[in-house]
Amino acid sequence: MKATRKHKDFSSRQARQSSYQYRIITTAVKVVAVIIGAVIGIALWAVVKPILRGIGWLISILTAIGIIYWILTL
């Protein structure tokens, strides 16, 4: 495939502009993706952390009850 004159001519304003716009769009998409990822991460951290903490307490209480039951049935 041969390059057209527009692509060969680097002084062409349209060729530079499309590349420049592509870089701007790519950068903007990356920034938006990072912001969305951060928001989702903070939301998950705020929701999941208390649940995991509660499960930890539940496991501790059930383990203590099991140990007490095991000692009393010896």
Residue of the set [options] for which side-chain contact (heavy atoms from CB on, under 4.5 Å) holds with [X]:
{"X": "V29", "options": "V31, V32, I25", "result": "I25"}
{"X": "W70", "options": "I68, L72, L74", "result": "L74"}
{"X": "K30", "options": "T26, V34, T27", "result": "T26"}

Please list every donor-acceptor pair under 3.5 Å in which a side-chain atom of residues 49-67 meets a protein atom from a residue at least two apart or in another chain.
from : atom 1 : to  : atom 2 : distance (Å)
S60  : OG     : G56 : O      : 3.0
T63  : OG1    : I59 : O      : 2.7

Are I36 and L44 linked, directly or through intermediate hydrophobic residues, by side-chain heavy-atom contacts shorter than 4.5 Å (ILVMFWY only)? yes
